[in-house]
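Comments concern the structure below.
Every chain is numbered from 1 and lettered A, B, ... according to where its sequence line falls, protein lines coming before strand lines. Values reported hereafter were calculated over all heavy atoms of this structure, with side chains retained and with hydrogens, waters and symmetry mates removed.
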Number of protein chains: 2
Amino acid sequence: KFTKPFDDGSSKKSAPAVATPITPIVEDDNSKPMRDKMAVFVRKMQKQIADAVDALEIESLWQAAKELGTEPKLCVRDEWIRAEGGKGLSCVLMDGNVFEKAGVLVSVVHGPASAALIKQMRARGKDGVLEESGVYKMFAAGCSMVIHPHNPNAPTAHLNYRYLELVKEGEEKPVAAWFGGGCDLTPSYLFEEDAIHFHQVIKDVCDAHDKEYYPKFKKWCDDYFYIPHRNEARGVGGIFFDDLVSENIYIFRKFIEKLSSQERGDHNEIFKFVQQCGLSFVDQYIPIMKKRWNTPFTPEMKQWQQLRRGRYVEFNLVHDRGTKFGLATPGARIESIMCSLPLTARWEYMHFPEEGSREAELVKVLKTPKDWAV
Amino acid sequence: KFTKPFDDGSSKKSAPAVATPITPIVEDDNSKPMRDKMAVFVRKMQKQIADAVDALEIESLWQAAKELGTEPKLCVRDEWIRAEGGKGLSCVLMDGNVFEKAGVLVSVVHGPASAALIKQMRARGKDGVLEESGVYKMFAAGCSMVIHPHNPNAPTAHLNYRYLELVKEGEEKPVAAWFGGGCDLTPSYLFEEDAIHFHQVIKDVCDAHDKEYYPKFKKWCDDYFYIPHRNEARGVGGIFFDDLVSENIYIFRKFIEKLSSQERGDHNEIFKFVQQCGLSFVDQYIPIMKKRWNTPFTPEMKQWQQLRRGRYVEFNLVHDRGTKFGLATPGARIESIMCSLPLTARWEYMHFPEEGSREAELVKVLKTPKDWAV
């Protein structure tokens with residue numbers, strides 16, 4: 001037996017929060033270190049999304065299940081510990097009624113900064129921050145999510161928001177600290193109103209903070225989620241940003257020391273921005289899912305969706321910097337990295353959609369990014 | 001209507017051979033350039049394999065089709081032209097009765113050596129051959145094949161044999177010319193006798209040429225088809241070799257000029273070896289398929305096969321040097337590169353086979369390469 005949808009469908013599967021602090025952290029208490037506030041926030045964001053996923057599964061089966069006496073599959077909570085420091089909590093649903101695979105992963109880890117991380121920092125031009133002989137610790141808190149629905153009319157969605165810090169061994173204040181993340185939508189069939197809605201919600205969040213954010217981060221997303229070997233975007237985009245700190249530059253130590261309390265407040269402003277992005281995902285995506293999950297489709301449409309999933313796999317395994325970095329990192333948690341891949345995918349030789357078809361319509365949009373929000 | 005299996009099942013779908021020469025090339029005529037002989041040979045190997053695939057599809061449907069009046073799906077021939085020079089012929093079967101996807105691809109291409117190729121040559125230590133200011137042409141003839149059967153008891157097989165030449169602009173004789181290739185088997189369920197048979201056939205071919213070949217190439221295969229992020233091999237191996245020329249070194253121009261006719265014969269010896277490897281594939285694989293394609297299996301076994309296909313995709317997209325090189329080459333034929341991927345694949349979060357199960361038995365063998373042939 002299970003309770004009515006959108007009541008407390010999620011509370012029965014509760015699991016310990018990732019970073020339950022002994023003294024409760026208040027997210028907007030500026031006297032607390034950002035790492036602690038972010039650790040609490042990513043878990044909150046995860047819970048909100050996993051609960052929304054569960055609620056839709058429950059809602060979709062409400063009638064059928066009442067009659068049959070069956071229970072829907074809900075997100076399974078899976079906690080893990082990282083030997084080098086930190087832990088994570090995964091909420092994963094597979095083979096549900098609405099969702100084929102939905103993974104909402106939180107990780108809050110710390111420890112020695114690996115050679116690979118330092119190398120990547122240098123490659124990205126952050127070596128000005130790092131002393132040649134310095135030994136560094138890293139702290140990272142993030143929530144990443146990929147949702148693949150069953151219905152080919154319903155789009156795949158991806159989200160990732162993260163906070164990173166580098167601290168020199170023996171010191172307290174980070175030499176660098178930055179936010180990164182974004183969200184994007186990958187439909188198999190184009191519904192313009194869905195793309196517009198997804199973009200509009202996140203544009204409103206961006207605009208409330210900085211009018212320059214949305215145009216900049218929208219383009220960043222289009223550029224990042226691009227599959228060069230297919231000459232097409234992975235999906236219809238969203239936003240993407242990295243290295244986000246006060247005034248969009250790194251916080252160097254000397255800079256931190258000079259920061260006035262108001263400027264420190266700016267860093268908290270960015271945290272607020274990231275929080276509002278993360279918490280708005282449910283508004284971005286769930287209304288689309290409610291519209292699409294139960295619409296009719298043909299086996300041919302399902303097959304097209306499977307081919308699009310193949311492209312998703314291609315992007316993630318061949319091009320995604322995060323995945324590549326994870327795979328090349330010794331001791332990385334491979335199950336978390338691969339969780340973004342769809343449950344099922346397909347590759348056909350020489351499959352090209354017919355001109356004028358709905359499939360061709362999607363591909364056309366993927367070849368030339370569009371402005372969705374006004 | 002179609003003819004009896006193993007009679008002339010392939011002749012109805014004939015297509016022009018890739019490199020039909022005006023004067024017929026005799027493969028063992030040592031006075032002909034290697035490039036022409038290899039171009040003819042790869043087409044012959046392709047035809048032999050595609051015919052064997054078709055024959056098994058026909059045989060599998062012989063009874064059913066006779067009763068129902070239906071025809072089996074056979075390999076579809078697809079010819080293409082490369083703008084920069086050369087052409088190819090693909091034989092691809094999808095969604096057959098025995099085979100989920102079988103691709104036997106031939107390409108015989110030539111033209112300016114791309115910056116990417118030159119860079120790769122240098123990275124692999126071949127820069128001694130190349131003059132800093134030299135402009136080079138390349139010639140490449142190869143047959144590559146991946147066969148994914150439906151039945152999870154039946155293994156996936158891969159083959160690739162190729163010949164490459166680099167010629168300095170304005171000259172005739174190549175500054176470097178070498179053979180590469182191999183074959184390997186990727187079961188979802190381990191049948192030791194299948195692995196032994198696959199290895200034994202190719203070991204016998206190797207041994208007839210050089211007793212050192214098999215142990216060396218078997219290990220090379222185990223090392224190459226390894227998925228580091230999963231700590232396991234892609235399959236149970238086979239052979240792999242690259243840069244194979246007389247005495248296992250590159251033929252530098254000065255070396256070629258000094259070659260006696262007998263030594264030139266050595267280069268032909270290697271061609272003979274490659275030919276015998278390629279033509280023995282049907283003996284390596286078809287007997288296994290005849291044993292396995294129609295054996296019973298459960299939906300759980302099919303699901304496990306799909307997960308193993310996911311690993312296959314991971315290897316090919318993340319680690320395979322050939323795929324990575326192809327994807328990074330502007331103007332590469334993406335449909336040919338992606339043809340190796342299975343028709344369908346699957347990724348589950350935290351799927352680990354039960355200890356003592358047949359699935360666990362396979363994974364165990366993939367973690368520690370075994371000596372299959374005696």
Inset, instruction - Inspect the surroundings of CD in Glu84(B) and state if more than 12 heavy atoms from other residues, nucleotides or ligands are less than 6.0 Å away. - result: yes
Legend entry - Interface residues of residues 304-315 of chain A facing chain B - heavy atom cut-off under 4.5 Å: Val313(A), Glu314(A)
Legend entry - Gap between atom OH of Tyr349(B) and atom CE of Met94(A) - 0.5 Å precision: 9.5 Å
Legend entry - CE on Met350(B) to OG on Ser90(A), rounded to 0.5 Å: 7.5 Å
Inset, instruction - Would you check if Glu348(A) and Met338(B) make a side-chain contact, meaning some heavy-atom pair closer than 4.5 Å? - result: no
Legend entry - Top contributor to chain A contacts, counting heavy-atom pairs under 4.5 Å, from Thr323(B), Ile337(B), Asp95(B), Leu341(B): Leu341(B)
Inset, instruction - Heavy-atom pairs under 4.5 Å with chain B are the metric here; pick the option from Arg230(A), Lys324(A), Arg346(A), His351(A) that has the most. - result: Arg346(A)
Legend entry - Atom NZ of Lys367(B): over 12 foreign heavy atoms under 6.0 Å: yes
Inset, instruction - Please assess Thr344(A) against Thr344(B) for the test side chain to side chain contact (heavy atoms under 4.5 Å, CB included), listing each intermediate value before the final yes or no. - result: CA-CA 7 Å; Thr344(A) 58; Thr344(B) 58; over 6 Å; no
Inset, instruction - Please state whether the side chain, the backbone, both or neither of Leu317(B) comes within less than 4.5 Å of a heavy atom of chain A. - result: both
Inset, instruction - State whether the side chain of Lys101(A) and the backbone N or O of Trp347(B) hold a donor-acceptor pair below 3.5 Å, judged by distance alone. - result: yes
Inset, instruction - To the nearest 0.5 angstrom, please state how far the CD1 atom of Ile334(A) sits from the NE2 atom of His229(B). - result: 4.5 Å
